[in-house]
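Let me begin by presenting the structure, written as C-alpha cells, before commenting on it.
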Amino acid sequence: MASVEIDQLTNALARLPGLGPRSARRAVLHLLKKREGTLVPLLRALETVDAKLATCSICGNVDTSDPCGVCTDVKRDARSLCVVEEVSDLWALDRSRLFPGRFHVLGGRLSALDGVRPEDLGIDTLIGRVAGGEVDEVVLAMNATLEGQTTAHYLSERLESFPVRITQLAHGLPVGGELDYLDEGTLAQALRARRPVA
Amino acid sequence: MQLRTRALVCAIRPHGEHGAIARLMTPENGLVAGYVLGGRSRRIRPVLLAGNIVEAEFRARTEEQLAGLTVELVTSRSGLYAEPLAASAIEWSCALTAAVLPESHSYPQLYAALDGVLAAIEAAPSARRWASALVRYELLLLTELGFGLDLTQCAVTGSEADLQWVSPKSGAAVSASAGEEYRDRLLALPAFLVGGGEAEDWDDIFDGFRLTGHFLARNLLDERRNDVMAARERLVERLGRAA
C-alpha cells in the first residue's frame with residue numbers, strides 16, 4: 001500500500017515508453033530503496049535537463065543548449081549534411097559516429113493520411129542551410145517506408161536546383177540477413193543497388 | 001468474425017510500442033481494420049507497407065470489435081518506392097482509399113480497380129498508362145460513394161454525341177455545342193472517360209485529373225481537403241514534369 005505521492009510517481013513512470021504499471025512499480029521501489037544512489041541523482045538530472053532543455057534553432061535537435069552540441073562541434077564536417085525524420089534518428093546515427101558531418105531534423109515525414117504537409121516540416125530551414133552555400137553533400141536518411149521515401153523524393157526535387165550532391169542511404173540486405181528469409185521488396189531494393197565487385 | 005482473404009495494404013498506424021493498426025482493402029468486405037500484434041517488428045514491417053498484397057486473417061469475437069490481424073506477404077511493391085512517380089501514385093491511391101471509404105462495406109469493383117491500378121503502376125514502363133487508370137479509379141470511387149458523374153448524355157440537349165464538358169455544379173456532361181458559350185466555367189471532359197480506351201495524350205490525362213479532383217475535393221474530402229489532397233497535388237505536379 002503506497003501513498004498518493006508514490007502512486008503519482010508510479011503512474012508518471014508508467015506513462016513512459018517501455019514501461020508498464022508493473023515495471024514502473026519495480027523502478028519506483030528501486031528508487032526508494034536506493035535513494036541516495038539513484039533517486040537523488042535522477043532528480044537532479046531531471047531538474048537540470050528541464051531547466052536547460054532547448055530545441056536547436058539550426059538543426060532541430062533536442063539538447064541542453066542552442067545551438068546544440070552537434071552544431072557547435074568544430075570537429076564535424078560542415079560541408080556534409082544528413083537529413084533525418086526525427087531526433088531519435090539523429091541520435092541513432094550519431095551513436096555509431098559513422099557520419100562525420102552535421103544533421104538536420106525535419107520533425108516528421110510527409111503523410112497524406114496524417115495531414116503532414118511540407119510546411120509542417122523543417123524543410124524551409126533545410127533549404128536555407130543549403131542555400132547558404134556551405135554544404136557540398138546532402139544525405140537523405142529517411143526511413144524505408146512509403147512516407148519516408150516520398151519525403152526523400154520531395155526533398156531531392158526541392159534541392160536539385162542547388163549545386164550540392166544529393167545522396168540517399170542504401171536499401172537492401174541487412175547485415176547478417178539471409179536471402180531465404182527476406183521479403184521480395186527488400187530483395188528488389190538490394191538487386192537494384194547491386195554494385196560491381198572490385 | 002473470422003475472415004481469411006487476400007487484401008491490399010492501404011494504411012498503417014503505429015499502436016502502442018510494438019503493435020500496429022492496419023487497414024486493408026479486401027475483395028468482399030471492403031476496407032477492414034485490424035490490430036497486428038508485433039506489427040512494428042522487423043519481420044512484419046516489410047509486409048505492412050502500402051500497396052503490398054497480403055494474405056490476411058482477421059479474428060474478432062464480435063463484428064464491432066477491432067479484429068486481431070495476422071498477415072503473410074504475397075506480393076511486395078516496396079521496391080517501387082525508389083521511383084518518385086510510382087511512390088507518389090501508390091501513396092495517393094492508398095491514402096485516398098483509406099481516407100474516404102467507410103469500413104466493412106463491400107466494394108468489389110473498387111477492390112478490383114485499385115488492384116488494377118497498383119498492378120499497372122508496377123508493370124507499366126511509362127506513367128501515361130497507369131495515370132489514366134488512376135483517373136478512372138477516382139471516377140469509380142466517386143460513383144461508388146454516391147457522387148457519380150453523369151457522362152452518358154448532354155444535360156442541355158440530351159445528345160449522346162460530342163460530349164466535351166462537365167458542369168462543375170451538377171457533374172453532368174455537356175456537349176461541345178451547348179457548352180461553347182460557358183466553356184470558361186465548365187470542366188473539360190477527356191474522350192477516354194467517355195469512350196474508354198487509353199488517353200490520347202497528357203493533356204487528356206490532366207483534364208481527367210482536374211475533373212475528378214474538383215469533385216473529390218468538393219464531395220469526399222471537403223473537411224480534410226488540404227491534408228489529403230496535398231499528396232495528389234504532388235503527384236500531378238510530378239506527372240506534369242514527366243510529361
Side-chain angles (χ1 to χ4, degrees), chain A residues 14-20 23 86 88 108-121 123 140 142-158 160-161 166 168-178 181-193, chain B residues 9-14 16-18 23 40 42-54 72-99 122 221 223-235 237-238 241:
Chain A
R15 280 201 289 271
L16 298 176
L19 291 180
S23 44
E86 301 285 358
S88 57
R109 66 209 70 81
L110 296 175
S111 170
L113 282 173
D114 294 334
V116 183
R117 291 174 290 164
E119 51 269 36
D120 300 322
L121 304 175
I123 294 177
L140 301 175
M142 314 283 105
N143 290 331
T145 58
L146 182 56
E147 282 100 350
Q149 291 308 294
T150 46
T151 308
H153 297 318
Y154 179 80
L155 288 178
S156 67
E157 285 165 5
R158 289 283 305 268
E160 68 188 1
S161 58
I166 303 166
Q168 196 177 8
L169 292 188
H171 300 158
L173 286 182
V175 174
E178 293 175 40
Y181 290 95
L182 291 177
D183 67 288
E184 59 194 80
T186 307
L187 286 171
Q189 296 275 22
L191 274 170
R192 186 174 287 145
Chain B
V9 181
C10 286
I12 311 100
R13 183 178 294 278
E17 275 184 64
H18 309 292
R23 289 199 286 160
R40 298 170 72 194
R42 277 187 194 177
R43 193 177 65 83
I44 303 291
R45 267 189 188 202
V47 180
L48 284 180
L49 290 172
N52 282 359
I53 303 176
V54 294
E72 200 175 311
L73 185 67
V74 177
T75 305
S76 172
R77 294 197 168 109
S78 59
L80 298 169
Y81 292 0
E83 308 289 337
L85 269 174
S88 301
I90 293 173
E91 182 195 26
W92 166 243
S93 52
C94 290
L96 174 67
T97 308
E122 193 176 7
L221 295 164
E223 289 165 14
R224 344 176 28 187
R225 191 157 123 180
N226 290 335
D227 300 341
V228 186
M229 289 297 271
R232 188 179 192 271
E233 282 158 22
R234 285 196 295 274
L235 167 66
E237 218 176 277
R238 265 188 200 134
R241 279 198 296 271

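Chain identifiers are assigned alphabetically (A, B, ...) following the order of the sequence lines, protein sequences preceding nucleic acid strands; residue numbering begins at 1 within each chain. Not measured: the values here are computed from a predicted model.
Residue A/Arg192 holds its CZ atom at 7.0 Å from CG of B/Leu80, rounded to the nearest 0.5 Å. Atoms OG1 and CG, on A/Thr150 and B/Leu235 in that order, are 11.0 Å from each other to the nearest 0.5 Å. Rounding to the nearest 0.5 Å gives a distance of 7.5 Å between CG of A/Leu146 and SG of B/Cys94.
When atom types are taken as modelled, the side chain of A/Arg117 and the backbone of B/Ala230 share no donor-acceptor pair closer than 3.5 angstrom. Formation of a donor-acceptor pair under 3.5 Å by the B/Glu17 side chain with backbone atoms of A/Gly18 is found in this model.
When the shell of 6.0 Å around CD of A/Glu119 is examined, it contains more than 12 heavy atoms from other residues, nucleotides or ligands. Enclosure of atom CZ in B/Arg43 is not indicated, since only 12 or fewer non-hydrogen atoms of other residues, nucleotides or ligands lie within 6.0 angstrom.
Across B/Thr75, B/Leu96, B/Asn52, B/Leu49, the residue that shares the most heavy-atom pairs under 4.5 angstrom with chain A is B/Thr75. Looking only at heavy-atom pairs under 4.5 Å with chain B, the residue among A/Gln168, A/Gln149, A/Glu184 that has the most is A/Glu184. For the options B/Arg45, B/Arg77, B/Arg238, heavy-atom pairs under 4.5 Å to chain A are most numerous at B/Arg238.
Of the two parts of A/Glu157, only the side chain, counted from C-beta on, holds a non-hydrogen atom closer than 4.5 Å to a non-hydrogen atom of chain B. When heavy atoms are compared at a cutoff of 4.5 Å, B/Ile12 does not approach chain A at all. Contact annotation for A/Leu110: both backbone and side-chain heavy atoms come within less than 4.5 Å of a heavy atom of chain B. Residue contact with chain B, scored on non-hydrogen atoms closer than 4.5 Å, involves the backbone and the side chain of A/Tyr154 alike. Proximity to chain A (any heavy atom under 4.5 Å) is shown, for B/Val9, by neither the backbone nor the side chain. Of the atoms belonging to B/Glu83, heavy atoms from both backbone and side chain fall under 4.5 Å from chain A. Looking at B/Arg42, there are no atoms closer than 4.5 Å to chain A (heavy atoms on both sides), in backbone or side chain.
Looking at B/Glu91 and A/His153, their side chains never come closer than 4.5 Å, going by heavy atoms from C-beta outward. Side-chain contact between B/Val47 and A/Asp183 is absent, with no heavy atoms from C-beta onward closer than 4.5 Å.
In terms of heavy atoms, B/Ser78 sits closest to A/Gly185 at OG-CA, 3.1 Å. For the pair B/Ala98 and A/Leu113, the tightest heavy-atom approach, listed with the atom from each and the gap, is CB-CD1, 3.9 Å. The minimum heavy-atom distance between A/Ala188 and B/Gly79, with the atom names listed, is CB-CA, 4.3 Å.
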